[in-house]
Participant: 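Sending over a structure as structure tokens; questions will come in a sec.
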Protein chains: 2
Amino acid sequence: MKVTMKKVARRAGVSSSTVSRVVSGHPNVREETSRKVKKIMDEMKYTPNMIAKSLVSKTTSSICILLPKQDEKCFSNLFFMELIRGIATQANLSGFDIFISLGANEKEEVEMVSRLLKGRRVDGVILFSSRKEDAVVDFLKINNYPFVLIGRSDKYNEILSVDNNNLKAAYDATNHLISMGHKRIGFVRGPSNAIFSCDRLEGYRKAIQDNGLERRPEWILGEEVMQDSGYHAMSFLMNLPKRPTAILVVDDLVAFGVIRGLNKLKYKVPDDLAIISFNNTTLTELSNPTISSIDIGIYQLGYTASQVLIKRIQNPSNETQHTNRFIIEHRLIVRESSIPKRLGV
Amino acid sequence: MKVTMKKVARRAGVSSSTVSRVVSGHPNVREETSRKVKKIMDEMKYTPNMIAKSLVSKTTSSICILLPKQDEKCFSNLFFMELIRGIATQANLSGFDIFISLGANEKEEVEMVSRLLKGRRVDGVILFSSRKEDAVVDFLKINNYPFVLIGRSDKYNEILSVDNNNLKAAYDATNHLISMGHKRIGFVRGPSNAIFSCDRLEGYRKAIQDNGLERRPEWILGEEVMQDSGYHAMSFLMNLPKRPTAILVVDDLVAFGVIRGLNKLKYKVPDDLAIISFNNTTLTELSNPTISSIDIGIYQLGYTASQVLIKRIQNPSNETQHTNRFIIEHRLIVRESSIPKRLGV
DNA sequence: CTGTTAGCGCCTTCAA
DNA sequence: TTGAAGGCGCTAACAG
């Protein structure tokens, strides 16, 4: 049988308002009364009905993570799990629960979020928004729901968002390759409608330009590289009359494919082609050779996003005050794939 | 301003009960009335308040996935994301939402689940229970809450669970190695308190025994193999006076570490040591050589778990009827790591 | 077929 | 400092 406030109240010989006050830590309760009620609550194993509480307070203490549809290959599942861990850890600390929803397509995503928010099941949403022209962002923006973007919007810039400086990250990665003596550097980019992907491309271009290096369009490959584990793409790249000696790769998982493709073609990493990738997932250390990577602080990204969103939910007033763009620092992690053998390790 | 049933009702010139009936598809509504109400609902953009509905119906149409604490290394994040996809896909089909929670430790997991269930925020729980003596299972069992185990319980066998036949899977994998001509076969096991791990070990042993092959305790390695990416463990294994020519590895990610360790030691896979692993995550195809693996149908595992749990929630009556143990078929996927080069590919 | 009534369990006035 | 009353938005039971 369900233990309600009423029952606790009756048993304790007080009114249910008093019990309510004790539960919510209201100051206007005599110390003695409070202790007595608490004791009875323990005895009866009272657990508040969150649903009833939600109905009254119009808040749910829960947020929703909207994960993009499966076929966004460029980010591995490793990435998302790590993100979820960051979000969940912080959310729990703040006493929030987490809904998770996987959109099948953009339209469905909007419906899902709409249902969750309007149905008052969640107080806010964390979006992993890489794409340009995101209908979900539009929806949330228009309806003024609390949400935070992991990544950034190219449409609205006053939106709450947690991101890396992807331009700088790619710039740093490219410079690392340059500092290793490379002059011809290629880039395996992610999907062209993904903002982070464009940012990284831009950083790469800037570094090439700032160093007065050669720049060739055929050194930039699309993400279709992943097909047949990079075999054809690498075959194409390595058979160019002027081929690069190093490449940046948009994600570790893709770098894996690239390395595998190169191996099949009997090329050696890093001797024939040096590689540096992004995200620094567990994979980088398991690869052979180990992969140099830009650590973008995935966990931090999630942790911060959760923190920022919850703060906004709990304090909607300062909506336009303060910062609304949070940048997580990246770090260059150098491993075998970008260190020429002749330099030693 | 929130659009409620009352407002829709007033606008449509009917009572709110009628609106309620229309929403819930109750039969006793005149076709015409229904159409009129629906039209007004659309016009006013009415969205039902799920919280209020929950309060009355005492159901939430949501389930919770409890993910084990981070340090269970043997299963990679890839595994969990795939599981989540399976669960989420099926749950959405049934109109259920998903809570996710990451336990930090067993005690916290119990508290979490307890809060969620008693607080009536979720109707049931999907547990990834690998370990023996699981306090969460005890709690759910005692309180008679709807839940399903992915894996199995060695304590209660009438519990709803979705699992592989891990014994058979390991048996099949071992036989595959045997059929490739191997006589000395090792095993890299998962955590010893994990049931699936023990099941697999048993299957391996059985296959060795059934084929009258040699069996040596030093050929069985613990999961600490993952330390320093398997270098030391492989060094130990390969330096045994009588060393195995093939091994089973409990998870793809671990197999990765093993291969990397072997590479560092200048051993070749599969020539010096053939490898077959479990789970068949994306990694297997990206490795070099590609890894033979037992596909345990991770997505199916999740999909089925969700299906079974939701059925139980919606129809609690047949609690003890029918099957309560569902087995997902496994498949042997043969790749390069277990095919001797001399046999060709 | 439709409307009225009475809660679900909690929180928040308003009085006392 | 406490209690009584009313309502959050919806559903279920009972009349009509």
Side-chain angles (χ1 to χ4, degrees), chain A residues 1-38 40-41 44-62 95 115-123 314, chain B residues 1-38 40-41 44-62 95 115-123 314:
Chain A
M1 204 57 285
K2 183 71 194 159
V3 182
T4 65
M5 274 193 173
K6 221 176 193 169
K7 293 185 187 164
V8 173
R10 194 173 309 141
R11 187 99 142 57
V14 296
S15 73
S16 45
S17 328
T18 303
V19 178
S20 171
R21 286 181 188 113
V22 170
V23 169
S24 62
H26 194 98
N28 284 4
V29 181
R30 209 189 316 154
E31 176 68 19
E32 196 198 323
T33 318
S34 172
R35 263 209 314 281
K36 183 175 64 182
V37 170
K38 274 181 186 157
I40 304 240
M41 289 197 314
M44 302 181 73
K45 293 190 179 154
Y46 168 73
T47 321
N49 182 327
M50 299 310 285
I51 295 294
K53 184 174 174 162
S54 281
L55 183 58
V56 171
S57 68
K58 298 186 189 318
T59 62
T60 58
S61 291
S62 47
R115 188 174 49 77
L116 250 26
L117 248 10
K118 290 201 175 165
R120 296 201 181 286
R121 287 181 84 110
V122 301
D123 296 339
Q314 291 174 337
Chain B
M1 204 60 284
K2 183 71 194 158
V3 182
T4 67
M5 274 195 173
K6 221 176 195 170
K7 293 186 188 162
V8 173
R10 193 172 311 141
R11 187 98 140 58
V14 295
S15 76
S16 46
S17 331
T18 303
V19 178
S20 173
R21 286 182 190 113
V22 170
V23 170
S24 63
H26 193 99
N28 284 4
V29 181
R30 207 192 316 159
E31 177 67 19
E32 195 197 321
T33 317
S34 173
R35 262 209 315 282
K36 184 176 62 183
V37 170
K38 273 180 185 156
I40 305 240
M41 288 196 315
M44 303 180 73
K45 293 191 181 158
Y46 168 73
T47 320
N49 182 327
M50 299 309 287
I51 295 295
K53 184 172 174 162
S54 282
L55 184 59
V56 170
S57 67
K58 297 188 191 318
T59 62
T60 58
S61 291
S62 47
R115 187 174 50 77
L116 250 24
L117 248 9
K118 291 201 175 166
R120 295 201 182 284
R121 287 181 84 109
V122 301
D123 296 338
Q314 290 173 337

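Convention: sequence-line order gives letters A, B, ...; per-chain numbering from 1. The basis for the numbers below is simple: all heavy atoms, side chains too, and nothing from hydrogens, waters or symmetry mates.
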Participant: Using whole Å, report how far CD1 of Ile51(A) lies from C1' of dG7(D).
Facilitator: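 Taking atom C1' of dG7(D) as the reference, CD1 of Ile51(A) is at 18 Å.
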Participant: Of the nucleotides dT11(D), dG3(D), dG9(C), which has the atom closest to the Lys2(A) side chain?
Facilitator: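 So the nucleotide nearest the side chain must be dG9(C).
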Participant: Would you find a donor on one side and an acceptor on the other, under 3.5 Å apart, between the side chain of Lys7(A) and the backbone of Lys2(A)?
Facilitator: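 Such a contact is found between Lys7(A) side chain and Lys2(A) backbone.
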Participant: Of all the choices, dT2(C), dC10(D), dG9(C), which nucleotide is nearest to the side chain of Met5(B) once you look at every atom?
Facilitator: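 My answer, after comparing the listed nucleotides, is dC10(D).
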Participant: Where the side chain of Arg21(A) is defined as all heavy atoms beyond and including C-beta, which of dC14(C), dT11(D), dG9(D) is the nearest nucleotide?
Facilitator: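 Looking only at side-chain atoms, Arg21(A) lies closest to dC14(C).
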Participant: Touch check for Ser54(A), heavy atoms < 4.0 angstrom, all strands: base, sugar-phosphate only, or nothing?
Facilitator: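 Ser54(A): no heavy atom of the nucleic acid under 4.0 Å.
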Participant: Using the side-chain heavy atoms of Asn28(B), tell me which of these nucleotides is nearest: dC10(C), dC1(C), dT13(C).
Facilitator: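 So the side chain of Asn28(B) is nearest to dC1(C).
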Participant: Tell me: CG of Leu55(A) to C1' of dG9(D), nearest whole Å?
Facilitator: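 It works out to 6 Å between those atoms.
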Participant: Ignoring hydrogens and angles, state whether a donor on the side chain of Ser15(B) or Thr18(B) is under 3.5 Å from an acceptor on the partner side chain.
Facilitator: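 Yes, Thr18(B) and Ser15(B) have a side-chain donor paired with an acceptor closer than 3.5 Å.
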Participant: Assign Val14(A) to base, sugar-phosphate, or nothing according to its heavy-atom contacts below 4.0 angstrom with the strands shown.
Facilitator: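 Sugar-phosphate, no base atom in range.
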Participant: Distance criterion of 3.5 Å, no angle test: do you see the side chain of Ser17(B) paired donor-to-acceptor with the base of dT4(C)?
Facilitator: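 A donor-acceptor contact between them is present.
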Participant: Side chain of Lys58(A), heavy atoms from C-beta onward: which of dG9(D), dT11(D), dC14(C) has the nearest atom to it?
Facilitator: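 Ranking dG9(D), dT11(D), dC14(C) by closest atom to the Lys58(A) side chain puts dG9(D) first.
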Participant: Within the pair Ser20(A) and dC10(C), is there a side-chain N or O less than 4.0 Å away from OP1 or OP2?
Facilitator: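 False: Ser20(A) side-chain N/O out of range (4.0 Å or more) of dC10(C) OP1/OP2.
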Participant: When you get a sec, tell me which of dC10(D), dG9(C), dT2(C) is the closest nucleotide to the side chain of Asn49(A)?
Facilitator: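 Ranking dC10(D), dG9(C), dT2(C) by closest atom to the Asn49(A) side chain puts dG9(C) first.
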Participant: dG9(D) C1' sits how many Å from Met41(B) CE, rounded?
Facilitator: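 Spelled out: CE on Met41(B) to C1' on dG9(D) is 15 Å.
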Participant: Specify the separation, in whole Å, of atom NZ of Lys36(A) and atom C1' of dT2(D).
Facilitator: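 These atoms are roughly 11 Å apart.
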Participant: Would you say Arg120(A) reaches dG9(D)'s phosphate, i.e. side-chain N/O to OP1/OP2 under 4.0 Å?
Facilitator: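 For dG9(D), OP1/OP2 do not have a side-chain N/O of Arg120(A) under 4.0 Å.
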Participant: Using side chain to side chain contact (heavy atoms under 4.5 Å, CB included), reason through Asn49(A) and Leu55(B) one step at a time and then give a plain yes or no.
Facilitator: CA-CA 9 Å; Asn49(A) 182 327; Leu55(B) 184 59; 4.3 Å; yes
Participant: Roughly how many Å is it from NE2 in His26(B) to C1' in dC10(D), rounded to a whole number?
Facilitator: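 Interatomic distance, NE2 of His26(B) to C1' of dC10(D): 15 Å.
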Participant: Given dC10(D), dC10(C), dG3(D), which nucleotide is nearest the side-chain atoms of Ser15(A)?
Facilitator: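 Out of dC10(D), dC10(C), dG3(D), the nucleotide with an atom closest to Ser15(A)'s side chain is dG3(D).
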Participant: Scan side-chain atoms only and decide if Thr59(B) and Asp123(B) contain a donor-acceptor pair under the 3.5 Å cut-off.
Facilitator: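 Distance-only check fails for Thr59(B) and Asp123(B).
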Participant: So does Lys118(A) have more than 12 non-hydrogen atoms from other groups sitting under 6.0 Å from NZ?
Facilitator: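 Yes, because the 6.0 Å sphere around NZ of Lys118(A) holds more than 12 heavy atoms from other groups.
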Participant: Ser57(A) near the nucleic acid: base, sugar-phosphate alone, or nothing, with a heavy-atom cut-off under 4.0 Å?
Facilitator: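 The answer is nothing, as Ser57(A) stays clear of every strand by at least 4.0 Å.
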Participant: In this structure, how many angstroms lie between the P atom of dG9(D) and the CZ atom of Arg121(A), rounded?
Facilitator: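 Rounded to the whole Å, the gap is 17 Å.
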Participant: Tell me the interatomic distance from Lys53(B), atom NZ, to dA12(D), atom C1', rounded to whole angstroms.
Facilitator: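 The answer, rounded to whole Å, is 13 Å.
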Participant: Do Ser62(A) and Arg121(B) have side-chain N/O donor and acceptor atoms under 3.5 Å apart?
Facilitator: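 Distance-only check passes for Ser62(A) and Arg121(B).
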Participant: Would you kindly compare Ser16(A) and Glu31(B) by the position of their nearest DNA chain C nucleotide and give the one closer to the 5′ end?
Facilitator: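 This one resolves to Glu31(B).
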Participant: When the distance from OH of Tyr46(A) to C1' of dG9(C) is rounded to whole Å, what number comes out?
Facilitator: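 Taking OH of Tyr46(A) and C1' of dG9(C), I get 8 Å after rounding.
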Participant: Would you indicate which nucleotide in dC10(C), dG3(C), dT2(D) comes nearest to any side-chain atom of Thr18(A)?
Facilitator: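 The listed nucleotide nearest to Thr18(A)'s side chain is dT2(D).
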